[in-house]
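First comes the structure, then the notes that go with it.
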Amino acid sequence: MKFRNQFLMAAVVSAVVAVGWTPSSEAKSKKVDDGVKTTFQTSRGWRPTIDNRADAVMVYGVGGNPSDRRGNTNFEERVESWKDKGYTVHFMTGIAWGEYQDYFTGKWDGKWHLDEGQVTQRGDTIWHGHMVPYIVPSENFLKYMKEMHVKRVIDAGIDAIFMEEPEFWARGGYSDAFKREWKEYYGTDWRPQHESPEATYMANKLKYHLYYRALNEVFTYAKEYGKSLGRDIKCYVPTHSLVNYSQWQIVSPEASLASLPCVDGYIAQVWTGTSREPNFFNGVQKERVFETAYLEYGSMESMTAPTGRKMFFLTDPIEDRAKDWDDYKRNYQATFVAQLLYPGVADYEVMPWPERIYEGLYRVGAGSDEKTRIPRFYSTQMQVMINALNKMPVSDNAVSGSDGIGVLMSNSLMFQRFPLHDGYDDPQLANFYGLALPLVKRGVPVKTVHIENLGFPATLADTKVLLMTYSNMKPLDPAAHTYLAEWVRKGGKLVFCGSDKDPFQQIEEWWSTGDNSYTAPSQHLFTLLGIGADAPQGEYKVGKGTVCVLRADPKEHVLKAGGDASFIDAVTRLYNGSKGSDIVFKNDFLLQRGPYAIAAVVDEGVSPEPLRLQGSYIDMFDPALPVVDGYVVEPGHQALLLDLAKVDKPKHPQVLAASFRESDEAASKGAYAFTAKSPVDTDGIARVLLPSVPTSVKIDGTDTFDRSLWDPASRTYLLRFENLPEGHRVEFTW
């Protein structure tokens, strides 16, 4: 449908501005240092079983968590219970759903609001729980959130607010509430999204805008109210990755929020549940947890790296779906290593919902109906891993492999996913994975690049070859093409893959309206590059750079066996033409971060050979914390090792690896002491580096020295006891 209404055209332009923002100096300079490196979320008050000793706790919901009715006790009492144990206390709640029954049932303002839920074409409300719909965030709902939740938690002494998961399901958009928002935003009557690609695109931009507005209004209120009390309130958005939301057919503001002065940072909600979503490679659809997690974390890291916003990475030792402990452990290791391969991020949400991790009952094995609480071997390993996060440094080291290859992404990846039009399908986000997986599977540490961030000079500073397509997304702002053309002319190498035949190419957007009459957005880019609007397949010299046009959609690279051959040839040719060494294909990723050696070996790659590491290590995936000489990582596996040769201040006594968190350290000539705290009903174990074999090892005043636990080669003592939240006092003498 052509736009004939000038008011509607103006509204569409404003929508583009809202989601395709231009970086500001304020966004560039945003920095957050709140003294919190590790955190977790819980709807419960403090209990000895969940006292995991992170720096901070995010107490969930004024009314608790819809999935955990037992935890929904008085909010202020829950906050005080954690403060009493020495935690920094923050607040988390959902912006798209939550324990907001007093709003929906009219208790707050005397009006029934269940009609404000997200609704499908069939007229079904999309529910998160009983009487908890996913919300169309009206101005009235935002007023309720400010008055009944944000004000209350700030009054309770909270100085950091996390509003999680701004989510509008792509299949939603049929409720009266959404129709009212459409009329207000576009100035015309609502159009059903299933009727045309244009209606779908407009519906999803509106969904995007609604949660952009929601977070802007709620966080701005929080900042202003806090300021009136003389306090600086920090505001964060815990959100799934752009990769996952696109694959799961959810619309969310994502990168545009980083332009808001009221947003201080994000939590990258990546875990087994998101990363086990199947994708295609070499004609096979299956779970590829490590590879998917690596790309998910990358899309979050690149979203905020140019802006200076704080980023927490999340992993979850279990997941929402009921599986078995072996499954959880295997996939936790994969996601955990994937997050560590981004050395510029060193802040972490160490776990969500410790109550379900430590107290939940899950199957002991894939073929068993027997359920049990978390096994001691797994809780020990998990605590060793999360305590490593308390010490994990930022590093200037790079992941091994040929760097400088980026995959271009846009928020509009979320706009084309549902419903299908004209029979064009992008199965399991294959047009994205078709650019990324062929290289990840060859050991290339691919980065993602957000088109919304191209205005920041740092965004493409280290990129040698940029891969892009418009088969699965569209540019939200013509300025992006100006930045790309300038980058190519200065020497950049651009690979464009696309037939430009998907049904969203010819929607009424900036490239086909006003002074523009292009039938595909790539025509605008190619015109700026000077290669002709309908450039056929081939390579073109542009200034000091090169453009390679491949006239096939990237999904063809992964939907059939061997489909990526010509794509890999083109990337290799352009990369090898850049300054520096030729591209290297391998099957492993390796990074040294301080004393930690982090490794992953992919299967389905260029070699079935394992990665063999030389040196003396503590294996941090083994709950016994053995010291090993050399280590072998098989394809499909990962490793987290403490490299004994890389320990800082090796002559000083220190805890190298432990399933508890040490504090109150005291060292003198011939003595070293600390307090060890961790949840009850878990095993305490540690490798403690000492100048020489101890003569005494006291735990709470009782000597427990056992010479067989001393390893002379590594100069470490293996400490063991039953963990306690109140802690043990450990004293070494030698």
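Keep in mind it's a predicted model, so treat the numbers as computed, not measured.
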(request) Look up atom CE in M311 and atom CE in M300, then write down how far apart they are to the nearest 0.5 Å. (result) 4.0 Å
(message) With rounding to the nearest 0.5 angstrom, report the CZ to OG1 distance, R213 to T220.
(response) 13.0 Å
(request) Can you run down the ring-ring contact (aromatic ring centres under 6.0 Å, His included) pairs that involve residues 418-442, sequence neighbours left out, and say none if there aren't any? (result) H421-F504
(message) So, taking the atom named CE in M473 and the one named CG in L413, what distance separates them when rounded to the nearest 0.5 Å?
(response) 6.0 Å
(message) Can a donor-acceptor pair be found, under 3.5 Å and without considering hydrogens, that links the side chain of T304 to the backbone of T307?
(response) no
(message) Under 3.5 Å, is there a donor on one side chain and an acceptor on the other for S196 and Y201?
(response) no
(message) Would you say NZ of K560 has more than 12 non-hydrogen atoms from neighbouring residues, nucleotides or ligands within 6.0 angstrom?
(response) no
(request) Could you check whether the rings of H481 and Y470 sit parallel, tilted or perpendicular, using 30° and 60° as the cut-offs? (result) tilted
(message) With heavy-atom distances below 4.5 Å as the criterion, would you say the side chains of Y483 and D477 are in contact?
(response) no
(request) Taking the side chain as every heavy atom from C-beta outward, state whether K447 and S302 have any pair of such atoms under 4.5 Å apart. (result) no
(request) Take E167 and W97, measure what side chain to side chain contact (heavy atoms under 4.5 Å, CB included) needs, and give me the verdict at the end. (result) CA-CA 9 Å; E167 298 172 345; W97 50 267; 4.2 Å; yes
(message) I'd like to know if the side chain of W182 reaches the main chain of A177, judged simply by a donor and an acceptor atom lying under 3.5 Å from each other, with no hydrogens or angles considered.
(response) no
(message) Closer than 4.0 angstrom, basic N to acidic O: yes or no for K286 and E604?
(response) yes
(request) Fit a plane to each ring of F589 and F290, take the angle between them on a 0 to 90° scale, and name the class: parallel (under 30°), tilted (30 to 60°) or perpendicular (over 60°). (result) tilted
(request) Give, for atom OG of S299 and atom CG of N244, the distance between the pair rounded to the nearest 0.5 Å. (result) 9.0 Å
(request) Please confirm whether the backbone N or O of S499 pairs with a side-chain atom of D553, one donor and one acceptor, at under 3.5 Å? (result) yes
(message) I need the L476 CG to S412 OG distance, nearest 0.5 Å.
(response) 4.5 Å
(message) Looking at D189 and K183, is any side-chain nitrogen of the basic one under 4.0 Å from a carboxylate oxygen of the acidic one?
(response) yes
(message) Tell me whether K441 is salt-bridged to E291, with the criterion being a basic N under 4.0 Å from an acidic carboxylate O.
(response) yes
(message) Looking at E486 and K490, is any side-chain nitrogen of the basic one under 4.0 Å from a carboxylate oxygen of the acidic one?
(response) yes
(message) So M409 and I451, do their side chains get closer than 4.5 Å, heavy atoms only?
(response) no
(request) Run the numbers on T120 and I126 for side chain to side chain contact (heavy atoms under 4.5 Å, CB included), then give the verdict. (result) CA-CA 7 Å; T120 68; I126 303 173; 3.8 Å; yes
(message) Show the nearest heavy-atom pair for residues F415 and T200, with the distance to one decimal.
(response) O-CG2, 3.6 Å
(request) Take E319 and R276 through the test salt bridge (Lys or Arg N to Asp or Glu O under 4.0 Å) and record every step on the way to the result. (result) CA-CA 10 Å; E319 65 149 313; R276 76 184 317 153; 2.5 Å; yes
(message) Determine whether V449 and N453 satisfy the following criterion, side chain to side chain contact (heavy atoms under 4.5 Å, CB included), listing intermediate values before the conclusion.
(response) CA-CA 8 Å; V449 176; N453 284 346; over 6 Å; no
(request) For residues T469 and C497, report the shortest heavy-atom separation together with the two atoms involved. (result) OG1-O, 2.5 Å
(message) Please check this pair: side chain of D426 against backbone of N431, looking for a donor-acceptor N/O pair closer than 3.5 Å.
(response) yes
(message) Could you check whether any side-chain N or O of T448 sits under 3.5 Å from a backbone N or O of G298, counting only pairs where one atom can act as donor and the other as acceptor?
(response) yes
(request) Using a 4.5 Å cut-off on heavy atoms from C-beta on, say whether the side chain of Q428 contacts that of Q285. (result) yes
(request) Please name the pair of heavy atoms, one in G117 and one in V136, separated by the smallest distance, quoted to 0.1 Å. (result) O-CG2, 3.8 Å
(message) Angle between ring planes, Y185 versus H209, binned at 30° and 60°: parallel, tilted or perpendicular?
(response) parallel
(request) Compute whether any side-chain donor of one residue and acceptor of the other, for E452 and N411, lie under 3.5 angstrom apart. (result) yes
(message) Would T274 and Q269 count as a side-chain hydrogen bond (donor to acceptor under 3.5 Å, both in side chains) here? Give the steps.
(response) CA-CA 8 Å; T274 62; Q269 292 181 319; over 6 Å; no
(message) So S402 and F585, do their side chains get closer than 4.5 Å, heavy atoms only?
(response) no
(message) Run Y208 and S252 through side chain to side chain contact (heavy atoms under 4.5 Å, CB included) and show every step you take.
(response) CA-CA 5 Å; Y208 191 105; S252 188; over 6 Å; no
(request) Considering non-hydrogen atoms only, spot the tightest contact between S246 and M414 and give its length. (result) OG-CG, 3.5 Å
(message) Quick test of your reading of the model: are D502 and K474 salt-bridged, counting only N-O distances below 4.0 Å?
(response) yes
(message) For D564, is there any backbone N or O sitting under 3.5 Å from a side-chain donor or acceptor partner on H557?
(response) no
Show every donor-acceptor pair shorter than 3.5 Å between a side-chain atom in residues 526-539 and any protein atom, with sequence neighbours excluded, or say none if there are none.
unit_1: T527; atom_1: OG1; unit_2: Q523; atom_2: O; d: 2.7
unit_1: D534; atom_1: OD1; unit_2: Q523; atom_2: NE2; d: 2.7
unit_1: Q537; atom_1: OE1; unit_2: R551; atom_2: N; d: 2.8
unit_1: E539; atom_1: OE2; unit_2: R573; atom_2: NE; d: 2.5
unit_1: E539; atom_1: OE2; unit_2: R573; atom_2: NH2; d: 2.8

(request) Using side chain to side chain contact (heavy atoms under 4.5 Å, CB included) as the criterion, point out the one residue from I583, L466, L435 that pairs with I405. (result) I583
(request) Return the minimal non-hydrogen interatomic distance between Y297 and T335, and the atom names on each side. (result) CE1-O, 3.4 Å
(request) Measure the spacing between CG of L439 and CG of L295 and express it to the nearest 0.5 Å. (result) 10.0 Å
(message) With a sphere of 6.0 Å drawn around CG of D320, does it hold more than 12 non-hydrogen atoms of other residues, nucleotides or ligands?
(response) yes
(request) Answer whether the closest heavy-atom distance between the side chains of P521 and E509 falls below 4.5 Å. (result) no
(message) For T546 versus V488, what's the shortest heavy-atom pair and its separation?
(response) N-CG1, 4.1 Å
(message) Contact between M202 and I507 at the side-chain level, heavy atoms closer than 4.5 Å - yes or no?
(response) no
(request) Could you verify whether a donor N or O on one side chain and an acceptor N or O on the other, from T239 and E254, lie under 3.5 Å apart? (result) yes
(message) We want to know whether W248 and E277 form a side-chain donor-acceptor pair, criterion being a heavy-atom distance below 3.5 angstrom.
(response) yes
(message) Would the distance check show the side chain of E556 and the main-chain N or O of G563 forming a donor-acceptor pair, the cut-off being under 3.5 Å?
(response) no
(message) According to ring-ring contact (aromatic ring centres under 6.0 Å, His included), does anything in residues 257-281 pair up with another residue at least two apart or in another chain? List the pairs.
(response) H240-W271
(message) When you compare the side chain of Y348 with that of F312, does any pair of heavy atoms fall below 4.5 Å?
(response) no
(message) Apply side-chain hydrogen bond (donor to acceptor under 3.5 Å, both in side chains) to residues Q193 and K207 and explain how you reach the verdict.
(response) CA-CA 12 Å; Q193 64 187 33; K207 296 168 190 176; 3.0 Å; yes
(message) Working note: H194 + Y174, criterion ring pair (Phe, Tyr, Trp, His ring centres under 6.0 Å); need CA distance, chi angles, decisive distance, verdict.
(response) CA-CA 10 Å; H194 62 275; Y174 292 84; 5.8 Å; yes
